[in-house]
> 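Here you go, one structure.
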Amino acid sequence: MSIDTSKLDNGVRVRFPPSPTGDPHVGLIRSALFNYAFAKHYGGKLVLRIEDTDAARNTEESYQAILQTLRWMGLEWDEGPEVGGEHGPYRQSERGEIYQDMAARLRESGFAYPCYCTAEELEAARELARQEKRNPGYEGTCRNLTPEQIAAYEAEGRTHVLRFRLPDRQIAWNDLVRGEIAFEAENVPDYPLLRADGSPLYALTNPVDDALMGITHVLRGEDLLPSTPRQIPLHEALVELGVSKQVPEFGHLPFVMGEGNKKLSKRDPQASFSYYPRTGYLPEGVLNYLALLGWSLGNDEEIFGKQELVAGFDGTRINSSPARFDLKKCEAINAVHLRRLETEDLAKRILPFLDREGLLLGGEDGHLADEGEWRTLLAATPLVQERMTVLSEAVPMLGFLFTGDGTDRRHAFQVNEADAEKVLTADAWPALAAATAALSALGTEESPWTVQAIDDALRAALIEGLGLKPKNAFTPVRVAVTGRRVSPPLFESLELLGRDRALARLNAATTRARAAASTAS
RNA sequence: GGCCCCUUCGUCUAGCGGCCUAGGACACCGCCCUUUCAAGGCGGCGGCGCGGGUUCGAAUCCCGUAGGGGCUACCA
């Protein structure tokens with residue numbers, strides 16, 4: 001099954017209309033993702049439109065964050081800010097004249113009328129209705145004012161909003177996600193399009209822009225569902241006025257929820273989208289996980305990329321029930337994508353995280369100052385690839401390889417104190433001393449400093465020589481050399497670290513263990 | 001209060017009248033592998049909100065009911 005787009009002159013046109021207030025929310029980005037996938041599936045266009053008519057709440061940072069996030073996710077828009085298009089401008093704050101013109105036409109043609117009720121009067125009416133358990137919507141007081149009444153109000157100095165006149169009939173549509181939905185006329189009151197000061201409201205700008213921009217399908221959050229029966233008649237009016245060709249189809253996406261039964265709160269750190277790039281999630285992983293919130297491929301395959309999403313996303317199998325955001329699963333899916341990356345690709349992505357923590361010498365324009373650091377990173381990447389879920393985890397795992405001697409910005413090598421306390425004890429002294437001796441012998445022509453030689457030497461010295469269990473034998477060496485009880489594989493780590501640094505660290509650890517031994521005895 | 005939406009394992013989901021003694025994934029718990037941690041392999045735990053219908057047969061259709069959520073602005 002699939003959606004019939006054969007009657008669309010210009011193909012599928014969908015839009016993503018964020019309001020630039022605050023950090024982008026994961027639910028918002030999922031909405032962008034679904035719209036993108038829907039558009040691309042049908043070979044259509046995605047329009048990015050900024051709904052910034054509320055000057056008090058909009059910020060430039062939020063606007064920039066939205067563009068940046070969409071690009072990070074690889075959700076390129078076909079029309080919108082910075083890319084242009086024939087229906088611009090794409091920021092509503094720049095479309096004031098259009099809204100005034102539309103409002104005037106709606107009023108002239110009788111689709112809208114001036115309402116002189118004051119906020120106090122309306123509030124009182126609402127309150128009364130609530131008490132009498134009636135529907136608290138606008139009661140149509142000013143629906144049929146005569147020119148004389150209007151003149152009288154004007155003479156009084158009253159101001160008016162422009163109100164849209166709803167038809168007196170049931171309003172129904174076939175929701176892309178939920179099927180038939182119907183609202184009775186008495187539950188869809190007339191609503192304001194312009195404020196008393198003449199400025200346009202969302203109720204006007206959103207449908208007008210959808211009409212003007214030729215939007216064919218509106219996929220938006222479930223929270224907007226109750227506003228759809230208001231918008232459909234407005235769209236019909238705009239069609240009648242020749243502004244647009246058809247009323248768009250609507251589909252209402254389920255919520256993305258957080259803990260408990262509430263929408264993912266802006267207070268949850270992982271609700272802000274910026275959390276993901278910052279923590280080292282991959283765009284591939286986040287895209288994959290977000291797509292699973294309210295949608296699935298329909299088979300048992302949960303790991304997929306953008307191409308597969310687009311290929312499968314025909315808009316017919318979007319779930320109608322809310323989805324809880326599960327960070328654990330998001331991590332797990334991210335980890336799968338991370339393990340699938342080519343070594344060099346992964347290394348390049350790890351680089352900024354090491355740099356950010358001051359583990360690299362630091363170059364200009366994101367280039368490394370030292371080619372050796374890149375070779376080390378390239379060699380170390382396979383060791384940590386299947387041990388990471390997000391890129392930032394590479395920092396503690398690889399830190400022992402990227403240390404300075406105090407003459408540059410890099411941190412000096414440091415053993416984790418808690419781990420040293422537990423492991424570099426009197427008991428560990430013999431193992432450390434034996435390991436140091438065994439490794440000292442390596443690094444020559446006949447016994448090179450290689451993984452295999454290190455492996456052989458340490459096993460001979462510690463397992464066979466001292467009769468230790470592997471775990472007891474290698475853990476002290478691991479802490480001595482990597483600074484932590486948890487590290488990449490030991491022999492590979494030693495090889496990468498190099499003989500000099502490895503022996504220096506072993507000597508230091510041996511000294512420490514010997515001191516512990518003499519204290520103990 | 002009114003209107004509207006939603007309801008399959010803890011979570012995300014498959015399921016669209018018989019293939020379901022309900023499948024997969026994450027999480028969790030065992031075991032195996034193992035130089036740590038992971039990864040990987042094997043196994044386990046665990047669900048159709050409830051009540052009526054319709055039908056030879058219902059997770060799937062219908063009607064109730066309960067619970068959850070949204071909206072109810074001269075915000076978007």
Side-chain angles (χ1 to χ4, degrees), chain A residues 17-21 51-54 56-58 92 115 117-119 122-123 126 129-137 159-163 175 177-178 181-184 186-189 191-197 199 201-203 205-206 221-229 252 254-255 257 260-263 289 292-303 317 319-333 335 339 384-389 393 397 423 455 458-459 462-463 469-475 477-479 482 484-491 493:
Chain A
S19 288
T21 57
E51 306 223 327
D52 55 355
T53 51
D54 185 357
R57 301 200 313 162
N58 302 313
Q92 291 190 329
C115 168
C117 298
T118 64
L122 293 173
E123 182 49 45
R126 261 197 296 275
R130 248 190 273 267
Q131 275 172 20
E132 294 177 357
K133 302 188 178 183
R134 300 186 340 263
N135 197 310
T159 57
H160 70 270
V161 301
L162 184 67
R163 210 174 265 279
D175 196 273
V177 176
R178 289 150 213 274
I181 297 179
F183 284 70
E184 298 305 324
E186 65 264 31
N187 296 321
V188 191
Y191 60 93
L193 301 173
L194 294 181
R195 295 187 181 89
D197 68 3
S199 61
L201 286 157
Y202 162 81
T205 62
N206 181 278
E222 185 186 351
D223 49 334
L224 272 329
L225 195 151
S227 77
T228 301
H252 291 90
F255 286 119
M257 311 222 291
N261 275 329
K262 36 190 198 320
K263 286 175 73 178
Y289 180 66
L292 253 13
L293 256 26
W295 184 79
S296 69
L297 229 28
N299 50 31
D300 283 336
E301 188 51 60
E302 291 200 309
I303 303 298
R317 40 180 307 108
N319 281 130
S320 53
S321 53
R324 239 181 258 350
F325 189 93
D326 182 355
L327 191 62
K328 281 268 179 49
K329 181 147 184 177
C330 183
E331 283 173 358
I333 285 181
R339 277 175 221 120
V384 296
Q385 183 156 20
E386 66 186 24
R387 296 176 160 73
M388 295 194 283
T389 56
E393 287 170 354
M397 282 195 268
V423 177
D455 189 335
L458 286 180
R459 280 184 200 282
L462 305 179
I463 312 295
K469 284 187 196 161
K471 182 174 179 169
N472 297 330
F474 299 131
T475 301
V477 179
R478 184 185 306 283
V479 172
T482 70
R484 312 194 327 154
R485 278 193 292 175
V486 173
S487 82
L490 181 58
F491 311 134
S493 295

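Computed over heavy atoms, backbone and side chain alike; hydrogens, waters and symmetry mates excluded. So that the names make sense, note that chain A is the first sequence line, chain B the second, and so on, each numbered from 1.
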> What nucleotide, of B:G2, B:A76, B:C6, holds the atom closest to the side chain of A:Ser19?
B:A76
> With both distances under 3.5 angstrom, what nucleotide forms a Watson-Crick or G-U wobble pair with B:C37?
none
> Phosphate oxygens OP1/OP2 of B:C75: is one of them under 4.0 Å from a side-chain N or O of A:Thr53?
no
> Using the P atom as the reference point in each nucleotide, state the distance between B:G69 and B:U8 in Å, no decimals.
15 Å
> Mind checking the P distance from B:A14 to B:C33? Whole angstroms is fine.
38 Å
> To the side chain of A:Lys328, which of B:C26, B:U35, B:C37 is closest?
B:C26
> When you measure from the side chain of A:Arg57, which nucleotide among B:C74, B:C26, B:C75 comes out closest?
B:C75
> So, is A:Arg126 near the phosphate of B:G2, with a side-chain N or O under 4.0 Å from OP1 or OP2?
no
> Among B:G10, B:C5, B:U13, find the nucleotide with the atom closest to the side chain of A:Ala323.
B:U13
> Are A:Ser296 and B:A14 close enough that a side-chain N or O sits under 4.0 Å from OP1 or OP2?
yes
> Which value, in whole Å, describes the distance between the P atoms of nucleotides B:A38 and B:G30?
13 Å
> Would you kindly compare A:Thr118 and A:Pro226 by the position of their nearest RNA chain B nucleotide and give the one closer to the 5′ end?
A:Pro226
> Quick check for you: among B:C3, B:C5, B:G69, whose closest atom lies nearest to any side-chain atom of A:Phe255?
B:G69
> Using whole Å, what does the distance between atom P of nucleotide B:U72 and atom CG of A:Asp223 come to?
10 Å
> If you check the A:Ser321 side chain, which of B:G70, B:C4, B:U7 turns out closest?
B:U7
> Contact class for A:Arg178 vs. all strands (heavy atom < 4.0 Å): base, sugar-phosphate, or nothing?
sugar-phosphate
> Could you check which nucleotide pairs with B:C26 in any of the strands shown, counting Watson-Crick or G-U wobble with both distances under 3.5 Å?
B:G10
> Sort out the partner of B:A73 for me: Watson-Crick or G-U wobble, both distances under 3.5 Å, none otherwise.
none
> Between B:A58 and B:G53, how many Å separate the two C1' atoms, rounded to a whole number?
12 Å
> Suppose we call a contact any N or O donor and acceptor under 3.5 Å apart; does that hold for the side chain of A:Arg324 and the base of B:C12?
no
> Say you pick atom C1' in B:U7 and the same atom in B:A59; how far apart are they, in whole Å?
12 Å
> Has the side chain of A:Asp52 got a donor or acceptor atom that lies under 3.5 Å from a matching backbone atom of A:Pro20?
no
> Check the distance between B:C75's C1' and A:Asn206's CG and give it to me in whole angstrom.
13 Å
> If we ignore angles and hydrogens, is there a donor and acceptor under 3.5 Å between the side chains of A:Arg478 and A:Ser487?
yes
> Counting any heavy atom closer than 4.0 Å, what does A:Glu51 reach on the DNA or RNA strands: base, sugar-phosphate only, or nothing?
sugar-phosphate
> Rounding to the closest angstrom, what is the interatomic distance between B:G46 and B:G40 at atom P?
25 Å
> What nucleotide among B:C75, B:G24, B:A73 has an atom nearest to a side-chain atom of A:Asp54?
B:C75
> In whole angstrom, give the distance that lies between atom CD of A:Glu302 and atom P of B:G24.
12 Å
> Taking any heavy-atom pair under 4.0 Å as a contact, classify A:Ile333: base, sugar-phosphate, or nothing.
nothing
> Does a side-chain N or O of A:Arg317 approach OP1 or OP2 of B:G15 to a distance below 4.0 Å, or not?
yes
> Quick one: on RNA chain B, does A:Leu225 or A:Thr159 contact a more 5' nucleotide (nearest heavy atom)?
A:Leu225
> If you check the A:Phe474 side chain, which of B:A38, B:A27, B:U35 turns out closest?
B:U35
> Take the protein atom CG of A:Leu201 and the nucleotide atom P of B:C75, then report the distance between them rounded to whole Å.
5 Å
> Just checking A:Pro18: base, sugar-phosphate only, or nothing, at a heavy-atom cut-off of under 4.0 Å?
nothing
> Return the pairing partner of B:C20 with a 3.5 Å limit on both distances, Watson-Crick or G-U wobble; otherwise return none.
none
> For nucleotides B:G47 and B:U11, find the distance between their P atoms and express it as a whole number of Å.
12 Å
> Run the ring-centre check on A:Phe255 versus A:Phe325 and record whether the distance is less than 6.0 Å.
no
> Counting any heavy atom closer than 4.0 Å, what does A:Leu292 reach on the DNA or RNA strands: base, sugar-phosphate only, or nothing?
sugar-phosphate
> Give me the atom names and distance for the closest heavy-atom approach of A:Arg387 to A:Met397.
O-CE, 3.4 Å
> Please classify the nucleic acid contact of A:Ser199 as base, sugar-phosphate, or nothing, using heavy-atom distances under 4.0 Å.
nothing
> Between the side-chain atoms of A:Glu222 and the base atoms of B:G70, is any donor-acceptor pair under 3.5 Å?
no
> Taking atom C1' of B:U72 as reference, at what distance in whole Å does atom CZ of A:Arg130 sit?
7 Å
> Nearest to the side chain of A:Asp300 - B:C74, B:G24, B:A39?
B:G24
> Find the distance A:Arg163:CZ to B:A73:C1' and express it as a whole number of Å.
10 Å
> From C-beta outward on A:Pro322, which listed nucleotide comes closest to its side chain: B:A76, B:A14, B:C6?
B:C6
> Between A:Ser321 and A:Asn319, does any side-chain donor sit less than 3.5 Å from a side-chain acceptor?
no
> Is the closest basic N to carboxylate O distance between A:Glu331 and A:Lys328 below 4.0 Å?
no
> A:Gly221 near the nucleic acid: base, sugar-phosphate alone, or nothing, with a heavy-atom cut-off under 4.0 Å?
nothing
> Would you check if there is a donor-acceptor pair between the side chains of A:Thr475 and A:Arg485 at a distance under 3.5 Å?
no
> I'd like to know if A:Lys329 reaches the base of B:A25 with its side chain, counting only an N/O donor and acceptor under 3.5 Å.
yes
> Would you mind classifying the nucleic acid contact of A:Ser320 as base, sugar-phosphate or nothing, using non-hydrogen atoms under 4.0 angstrom?
sugar-phosphate
> Give, for atom CD of A:Glu51 and atom CG of A:Asn58, the distance between the pair rounded to the nearest 0.5 Å.
10.0 Å
> Would you measure the distance from the C1' atom in B:C74 across to the matching atom in B:C12 and give it in whole Å?
41 Å
> For the side chain of A:Arg485 and the base of B:U35, is some donor closer than 3.5 Å to an acceptor across the two?
no
> Under a 3.5 Å cut-off for both distances, is B:G64 Watson-Crick or wobble paired, and to whom?
B:C50
> Could you check how far CG of A:Asn299 sits from P of B:A14, rounded to whole Å?
11 Å
> Once you apply a heavy-atom cut-off of 4.0 Å, does A:Gly137 come out as touching a base, just sugar-phosphate, or nothing?
nothing
> Just call it for A:Pro489: base, sugar-phosphate, or nothing, with non-hydrogen atoms closer than 4.0 Å on any strand.
base
> Given B:U36, is OP1 or OP2 found less than 4.0 Å from the side-chain N or O atoms of A:Arg484?
no
> To the nearest 0.5 Å, what is the distance between CZ on A:Arg317 and CG on A:Leu297?
8.0 Å
> Taking all atoms of both residues into account, what is the closest heavy-atom pair of A:Ala203 and A:Pro192, and its distance?
CB-O, 3.6 Å
> Mind calculating the distance between CZ (A:Phe183) and P (B:G70) to the nearest angstrom?
15 Å
